[in-house]
Amino acid sequence: QVQLVESGGGLVQAGGSLRLSCVASGRTFSNMAWFRQAPGKDREFVARITRSGGSTSYGDSVKGRFTISRDNVKNTVYLQMNGLKPEDTAVYYCAGKAAGYSDNAPSYDYWGQGTQVTVSS
């Protein structure tokens, strides 16, 4: 059974930091990504990383503040979030793609349950 389990969300003040983790079990993925969804908004691409970790991509709203990384031994992907802003408040989802690379949510095959990040002003 394939599972993606996120953790690390919480409440933080603006300017603070959080690190999200996503542990994958049941298979490995060529590409893993983070998306987020705020109430009343569409799911938004945040960041993705290839299996080797050699290539990453970020959404415009998080460039320079967020860093995605992965540990293939632990089958875990991380999202380090610095300089958090109230507009970063959302449920953050981890996603895995069996083959290929994409910033498009519907193209991902597996999803975690999400972890809430709330940034207070």
Side-chain angles (χ1 to χ4, degrees):
Q1 182 181 1
V2 178
Q3 280 192 312
L4 297 175
V5 180
E6 303 100 331
S7 61
L11 174 64
V12 64
Q13 288 189 332
S17 298
L18 282 175
R19 188 175 84 153
L20 306 183
S21 300
C22 172
V23 179
S25 59
R27 69 163 297 151
T28 56
F29 297 97
S30 68
N31 197 49
M32 295 192 75
W34 290 95
F35 291 82
R36 68 186 183 186
Q37 189 165 19
K41 294 189 176 181
D42 292 336
R43 193 161 294 192
E44 177 189 13
F45 168 71
V46 175
R48 63 169 173 84
I49 187 168
T50 55
R51 175 164 175 73
S52 68
S55 177
T56 58
S57 178
Y58 296 91
D60 289 341
S61 61
V62 306
K63 281 180 182 176
R65 299 187 298 123
F66 291 10
T67 303
I68 189 170
S69 62
R70 67 190 293 174
D71 182 335
N72 289 334
V73 174
K74 297 181 179 179
N75 221 12
T76 300
V77 63
Y78 303 98
L79 185 68
Q80 178 66 44
M81 306 186 294
N82 298 327
L84 283 161
K85 305 175 181 179
E87 51 264 43
D88 293 318
T89 296
V91 177
Y92 283 70
Y93 297 91
C94 174
K97 188 168 171 55
Y101 313 119
S102 175
D103 300 348
N104 186 26
S107 70
Y108 280 77
D109 306 294
Y110 298 94
W111 292 84
Q113 81 288 349
T115 185
Q116 176 71 46
V117 171
T118 303
V119 185
S120 63
S121 57

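Computed from heavy atoms alone, side chains included, the values below leave out hydrogens, waters and symmetry copies.
- The two atoms that bring Thr76 and Lys74 nearest to each other are OG1-O, 2.9 Å, heavy atoms only.
- Counting all heavy atoms, side chain and backbone alike, Ser102 lies closest to Ser107 at OG-OG, 2.9 Å.
- The 12-atom threshold is exceeded at CG of Asn104, counting heavy atoms of other residues, nucleotides or ligands nearer than 6.0 Å.
- Asn75 places a side-chain N or O within 3.5 Å of a backbone atom of Ala24 that can act as its donor or acceptor partner.
- In this structure, Ser121 contributes its side chain and Pro86 its backbone to no donor-acceptor pair below 3.5 Å.
- Judged by distance alone, with hydrogens and angles left aside, the side-chain atoms of Asn72 form a donor-acceptor pair with the main-chain N or O of Arg51 at under 3.5 Å.
- Ion pair Lys85/Asp88 not flagged as a salt bridge, since none of the NZ, NE, NH1 or NH2 atoms sits closer than 4.0 Å to an Asp/Glu carboxylate oxygen.
- Separation of atoms NZ (Lys97) and CG (Asp109) is listed at 6.0 Å; rounding is to 0.5 Å.
- A donor-acceptor distance shorter than 3.5 angstrom exists from the side chain of Arg70 to the backbone of Thr50, with no hydrogens or angles considered.
- The cluster map of Ile, Leu, Val, Met, Phe, Trp and Tyr, joined by side-chain heavy atoms under 4.5 Å apart, puts Leu18 and Tyr93 in different clusters.
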Quick one: do Glu6 and Gln113 satisfy side chain to side chain contact (heavy atoms under 4.5 Å, CB included)? Show the steps, please. CA-CA 7 Å; Glu6 303 100 331; Gln113 81 288 349; 2.8 Å; yes
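- Summarising the geometry of Ser57 relative to Phe45, their closest heavy-atom pair is O-CZ, 3.5 Å, with the distance given to 0.1 Å.
- Counting only distance, with no hydrogens or angles, the side chain of Thr89 and the backbone of Ser120 share no donor-acceptor pair below 3.5 Å.
- Contacts of Tyr108 classified as ring-ring contact (aromatic ring centres under 6.0 Å, His included), with partners at least two apart in sequence or in another chain: Phe35.
- If you chain together hydrophobic residues whose side chains sit under 4.5 Å apart, Val117 and Val62 fall into the same group.
- Closest heavy-atom contact between Arg27 and Val2: CG-CG2, 3.8 Å.
- Evaluation of the side chain to side chain donor-acceptor pair (under 3.5 Å) rule for Thr67 yields no partner, not counting sequence neighbours.
- Transitive grouping of hydrophobic side chains (ILVMFWY, heavy atoms separated by less than 4.5 Å) keeps Val23 and Ile68 in distinct clusters.
- In this structure, OG on Ser69 lies 11.5 Å from CE on Met32, to the nearest 0.5 angstrom.
- The hydrophobic cluster containing Tyr110 also contains Trp34, counting ILVMFWY residues as joined when their side-chain heavy atoms lie under 4.5 angstrom apart, directly or transitively.
- Within the 4.5 Å cutoff, side-chain heavy atoms of Leu4 are placed close to those of Phe29.
- With rounding to the nearest 0.5 Å, the separation of OG1 in Thr56 from CZ in Phe66 is 14.0 Å.
- The side chain to side chain donor-acceptor pair (under 3.5 Å) check on Glu44 picks up Arg36, Ser61, with sequence neighbours excluded.
- Hydrophobic cluster membership is shared by Leu79 and Leu84, with clusters built from Ile, Leu, Val, Met, Phe, Trp and Tyr side chains linked at under 4.5 angstrom.
- Summarising the geometry of Ala33 relative to Arg48, their closest heavy-atom pair is CB-CB, 3.7 Å, with the distance given to 0.1 Å.
- Annotation for Ala47 and Tyr58: closest pair CB-CD2, 3.6 Å, computed over non-hydrogen atoms.
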